[in-house]
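These notes concern the structure reproduced below.
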Amino acid sequence: FVIDDELAVLPLARRSIKVDTVPWDRPGVDWRQYALVVVRSTWDYPKHSQQFLGVLEEIERLGVRLENGSEIARWNMQKTYLRDLAARGIEIVPTFWRDRLAAGELVPLFDELRSREGVIKPVVGTNAQGAWRLDAARARELAPEVEAFFAERPLMMQPFERGIVEEGEFSMMYLNGTHSHSILKAPKAGDFRVQEEYGSEIRLIEPEPALLAAGNAAIAAIGQKLLYARADFVRSDDTFRVMELELVEPSLYLRIDPGAPDRFADAVAALLA
């Protein structure tokens with residue numbers, strides 16, 4: 001993992017904002033000493049989701065401003081938020097949802113997908129953990145393993161978007177509701193995972209008008225202005241589909257754009273003004 005949050009510390013200091021880095025699960029923290037608590041790289045939270053949410057709610061109960069807040073975190077931690085986006089007119093990758101998989105259910109589900117390839121992954125999860133890319137043969141071959149993994153886990157299954165391997169995934173960073181910077185993450189040869197820990201290539205891009213419009217629409221559909229948000233897209237023919245909205249603890253790739261740390265600091269300062 002690459003954590004570049006510290007790149008914002010000096011720009012914040014220049015704006016007379018002092019930063020403490022505090023593990024979310026450290027006992028005995030007096031959160032009331034802070035004017036603002038910003039959730040950042042809490043990447044272990046899926047294993048302790050209720051404890052994590054409890055800490056966020058306690059911070060808010062103490063009257064401390066939290067960004068992003070517990071309500072948005074609870075919504076975003078379950079990938080079923082994509083259904084809400086679709087209901088609000090945002091184009092997402094077509095998705096099947098199931099509460100679990102029993103023995104013998106994977107292959108019929110794959111057939112129902114009506115696609116040569118599909119991806120199955122947990123409804124709660126990060127960094128492509130528990131994700132399988134399947135064609136019909138692999139669905140039959142891996143059925144016992146996949147069905148065992150999802151025996152007690154909610155899951156989602158989507159057609160595999162060829163744009164991911166042919167071009168990559170677009171990630172658009174927003175600060176206080178305004179577009180800051182965008183990147184393209186291209187998986188390494190033979191892989192479909194775009195996370196940097198799997199060897200993807202990452203580069204700064206200027207989003208074309210259609211992508212910027214899609215990003216702005218997805219962020220507006222959240223219904224509230226957030227300190228930070230990341231919207232991930234894949235190109236599909238002549239449109240862009242939402243892959244994920246990352247609102248809890250996304251990497252904001254501050255190191256990719258030289259101006260991004262200052263824009264993040266400005267966004268924080270605007271909240272505290």
As a quick check of understanding, evaluate side-chain contact (heavy atoms from CB on, under 4.5 Å) for Arg98 and Met157, giving each step before the final call.
CA-CA 8 Å; Arg98 296 291 185 274; Met157 192 169 187; over 6 Å; no
Could you please spell out the steps behind the side-chain contact (heavy atoms from CB on, under 4.5 Å) verdict for Ile120 and Leu101?
CA-CA 11 Å; Ile120 186 169; Leu101 272 185; 3.8 Å; yes
Residue pair Phe233, Val242: steps toward the side-chain contact (heavy atoms from CB on, under 4.5 Å) verdict:
CA-CA 5 Å; Phe233 288 87; Val242 172; 3.4 Å; yes
Pair Leu82, Trp97 - check side-chain contact (heavy atoms from CB on, under 4.5 Å), show working.
CA-CA 11 Å; Leu82 290 167; Trp97 308 89; 4.2 Å; yes
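A salt bridge is defined here as a Lys NZ or Arg NE, NH1 or NH2 lying under 4.0 Å from an Asp or Glu carboxylate O, and Arg65 with Glu67 meets this definition. Using a 4.0 Å cut-off between charged side-chain N and carboxylate O, Glu57 and Arg74 make a salt bridge.
Put simply, Leu12 and Leu10 are part of two different groups of oily side chains (I, L, V, M, F, W, Y) that touch within less than 4.5 Å, one to the next. A single hydrophobic cluster is seen to contain both Trp31 and Leu271, as judged by linkage of ILVMFWY side chains at heavy-atom distances under 4.5 Å, directly or through other members. Hydrophobic clustering (side-chain heavy atoms under 4.5 Å, transitive across Ile, Leu, Val, Met, Phe, Trp, Tyr) keeps Leu113 apart from Val107.
For the pair Leu254 and Met173, the minimum side-chain heavy-atom distance is 4.5 Å or more. Residues Gln78 and Val124 meet the side-chain proximity criterion, which asks for heavy atoms closer than 4.5 Å. Side-chain contact check for Lys185 versus Tyr253: some heavy-atom pair is nearer than 4.5 Å. Side-chain contact check for Leu109 versus Leu155: some heavy-atom pair is nearer than 4.5 Å. Inter-residue side-chain proximity for Ser182 and Met172 is flagged as met; some heavy-atom pair is nearer than 4.5 Å. Under the 4.5 Å side-chain criterion, counting only non-hydrogen atoms from C-beta, Leu211 is in contact with Ile205. For the pair Glu246/Ser171, no side-chain contact is recorded, criterion being any heavy-atom separation below 4.5 Å from C-beta on.
No more than 12 heavy atoms of other residues, nucleotides or ligands sit less than 6.0 Å from atom CZ of Arg203. Counted within 6.0 Å of CD on Glu206, heavy atoms from surrounding residues, nucleotides or ligands total 12 or fewer; the atom is thus considered open. Heavy-atom contacts from other residues, nucleotides or ligands closer than 6.0 Å to CG of Asp237 number 12 or fewer. Atom CD of Glu208 sits in a crowded spot, with more than 12 heavy atoms from other residues, nucleotides or ligands closer than 6.0 Å. Within 6.0 Å of CZ in Arg116 there are 12 or fewer heavy atoms belonging to other residues, nucleotides or ligands.
At a cut-off of 3.5 Å, with distance as the only test, a side-chain donor of Gln158 or Thr95 sits close to an acceptor on the other residue.
Here the shortest heavy-atom pairing between Ser115 and Pro159 reads OG-CB, 3.8 Å. Here the closest non-hydrogen pair linking Pro11 and Asp262 is CB-OD1, 3.6 Å. Scanning both residues, Pro250 and Tyr228, for their nearest heavy atoms gives CD-CE1, 3.6 Å. Scanning both residues, Tyr34 and Val37, for their nearest heavy atoms gives CB-CG2, 4.2 Å. The nearest pair of heavy atoms linking Ser70 to Leu56 is CB-CB, 3.8 Å.
In this structure a side-chain-to-backbone donor-acceptor pair under 3.5 Å is present from Arg230 to Ser251. Asn68 places no side-chain N or O within donor-acceptor distance of the main-chain N or O of Val39, the cut-off being under 3.5 Å. The main-chain N or O of Ala267 is found under 3.5 Å from a side-chain atom of Asn176 such that the two form a donor-acceptor pair. His181 contributes no side-chain N or O that, together with a main-chain N or O of Pro258, makes up a donor-acceptor pair within less than 3.5 Å.
Rounding to the nearest 0.5 Å places CH2 of Trp132 at 13.5 Å from NZ of Lys121. Atom CE of Met77 is separated from atom CG of Leu53 by 4.0 Å, given to the nearest 0.5 angstrom. Considering CD of Glu167 and CZ of Arg235, their distance stands at 4.0 Å, rounded to 0.5 Å. Within the model, atoms CG of Leu204 and CZ of Arg255 stand 11.5 Å from one another, a figure rounded to the nearest 0.5 Å. The CD1 atom of Ile92 sits 10.5 Å away from atom CE of Met243, with the distance rounded to the nearest 0.5 Å.
Ser236 meets the side chain to side chain contact (heavy atoms under 4.5 Å, CB included) test with Glu161, Thr239, Arg241; sequence neighbours excluded. Legend: residues meeting side chain to side chain contact (heavy atoms under 4.5 Å, CB included) with Asn76, ordered by chain and number and at least two apart, are Tyr81, Leu245, Leu247, Val248. Residues meeting the salt bridge (charged side-chain N to carboxylate O under 4.0 Å, His left out) test with Glu60, sequence neighbours left out: none.
Taking the six-membered ring where the residue is Trp, Trp24 and His48 present tilted rings, their angle falling between 30° and 60°.
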Check: residues 138-150 side-chain donor-acceptor pairs under 3.5 Å, at least two apart:
unit_1: Arg138; atom_1: NE; unit_2: Arg133; atom_2: O; d: 3.3
unit_1: Glu147; atom_1: OE1; unit_2: Gly104; atom_2: N; d: 3.1
unit_1: Glu147; atom_1: OE2; unit_2: Gly104; atom_2: N; d: 3.1
unit_1: Glu147; atom_1: OE2; unit_2: Glu105; atom_2: N; d: 3.2
unit_1: Glu147; atom_1: OE2; unit_2: Leu106; atom_2: N; d: 3.0

For residues 213-227, run the donor-acceptor check on the side chains, cut-off 3.5 Å, and write out each pair with its distance to 0.1 Å, sequence neighbours left out.
unit_1: Asn216; atom_1: OD1; unit_2: Tyr174; atom_2: OH; d: 2.8
unit_1: Asn216; atom_1: ND2; unit_2: Leu212; atom_2: O; d: 3.4

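For residues 263-273, the salt bridge (charged side-chain N to carboxylate O under 4.0 Å, His left out) pairs, not counting sequence neighbours, are Arg15-Asp266, Asp257-Arg263.
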